[in-house]
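Before any comments, here is the structure.
Here, residue 1 is the first one in the sequence, and each next residue gets the next number.
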Amino acid sequence: QVQLVESGGGLVQAGESLRLSCAASGLTFSSYVMGWFRQAPGKERECVAAISWKGGRTYSAASVRGRFTISRDNAKNTVYLQMNSLKPEDTAVYYCAAAWSPTNTIPVVTTAYNYWGQGTQVTVSS
């Protein structure tokens, strides 16, 4: 059974940092593209970052570029999202997801991802 378990969310003030972690089990972790998505109330779920099998290529949404960094440790079956200089508009539920991508291309649409974590709340106060 595939399981993605997120941790690290919380309540912080604007300008502060958080690091999210997602521990995966039940899949060959290094064979999946991993992504981080977020969804605020009333808004579409959006991809904020994604990373290729071994971490050689990454994607970052324009809204978080320069502030958020995605990384992975395949030996630990874990993907991370380092979030710096947080803004109130970053407030959302953050989800990790795994995509079966045989060519190692990085998808950014939700429908391309096969497995999802339960989400972790990030709240940034002004």
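Between the Q39 side chain and the V93 main chain, no donor and acceptor come within less than 3.5 Å of each other. A donor-acceptor pair under 3.5 Å links the side-chain atoms of R72 to the main chain of W53, judged by distance alone. In this structure a side-chain-to-backbone donor-acceptor pair under 3.5 Å is missing from R57 to A50. Not one N or O on the side chain of E46 forms a donor-acceptor pair closer than 3.5 Å with the backbone of F37. Remark: the backbone N or O of P107 is paired with a side-chain donor or acceptor of Y113 at under 3.5 angstrom. Judged by distance alone, the side chain of N104 and the main-chain N or O of S31 form no donor-acceptor pair under 3.5 Å. Counting only distance, with no hydrogens or angles, the side chain of Q3 and the backbone of G26 share no donor-acceptor pair below 3.5 Å. Distance alone, capped at 3.5 Å, is enough to place a donor-acceptor pair between the R67 side chain and the S63 backbone. Looking at R45, its side chain never comes within 3.5 Å of a backbone N or O of A40 through a donor-acceptor pair.
For P102 against W100, the heavy-atom pair with the smallest separation is CG-NE1, 3.5 Å. Between A112 and A99, the shortest heavy-atom contact is O-CB, 3.5 Å. Residue N74 comes nearest to S30 through the heavy atom pair ND2-CB, 3.5 Å, listed as atom of the first residue, atom of the second, then distance.
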Please evaluate residues E89 and T91 with respect to the criterion side chain to side chain donor-acceptor pair (under 3.5 Å), reporting the C-alpha separation (whole Å), side-chain torsions for both, the decisive distance (0.1 Å), and the verdict. CA-CA 5 Å; E89 50 262 46; T91 295; over 6 Å; no

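Linking ILVMFWY residues whenever their side-chain heavy atoms come closer than 4.5 Å, directly or via other members, places V2 and Y32 in the same cluster.
Once rounded to the nearest 0.5 Å, the distance linking CE of M83 with CZ of R38 reads 9.0 Å. Rounding to the nearest 0.5 Å gives a distance of 9.5 Å between CG of L27 and CG of N114. Atom CD1 of I106 is separated from atom OG of S101 by 8.5 Å, given to the nearest 0.5 angstrom. In this structure, CH2 on W36 lies 7.5 Å from OG1 on T120, to the nearest 0.5 angstrom. Of the inter-residue distances, the one linking Q118 atom CD with C96 atom SG reads 7.0 Å to the nearest 0.5 angstrom.
Here the side chains of M34 and F29 are in contact, with some heavy-atom distance below 4.5 Å. Contact annotation: the side chain of D73 approaches that of Y80 to within less than 4.5 Å [non-hydrogen atoms, C-beta and beyond]. A heavy-atom distance below 4.5 Å is not found between the side chains of V33 and I51. Here the side chains of T69 and L81 are not in contact, with every heavy-atom distance at 4.5 Å or above.
Note on residues 25-57: no pairs pass disulfide (SG to SG under 2.5 Å), not counting sequence neighbours.
Below 30°, between 30° and 60°, or above 60°: for W116 and Y95 the angle between ring planes is above 60°, a perpendicular geometry.
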Please table the atom pairs, donor to acceptor, closer than 3.5 Å between any side-chain atom in residues 9-23 and protein atoms at least two apart or in another chain.
residue: E16; atom: OE1; partner: Q13; partner atom: N; Å: 3.0
residue: S17; atom: OG; partner: N84; partner atom: OD1; Å: 2.9

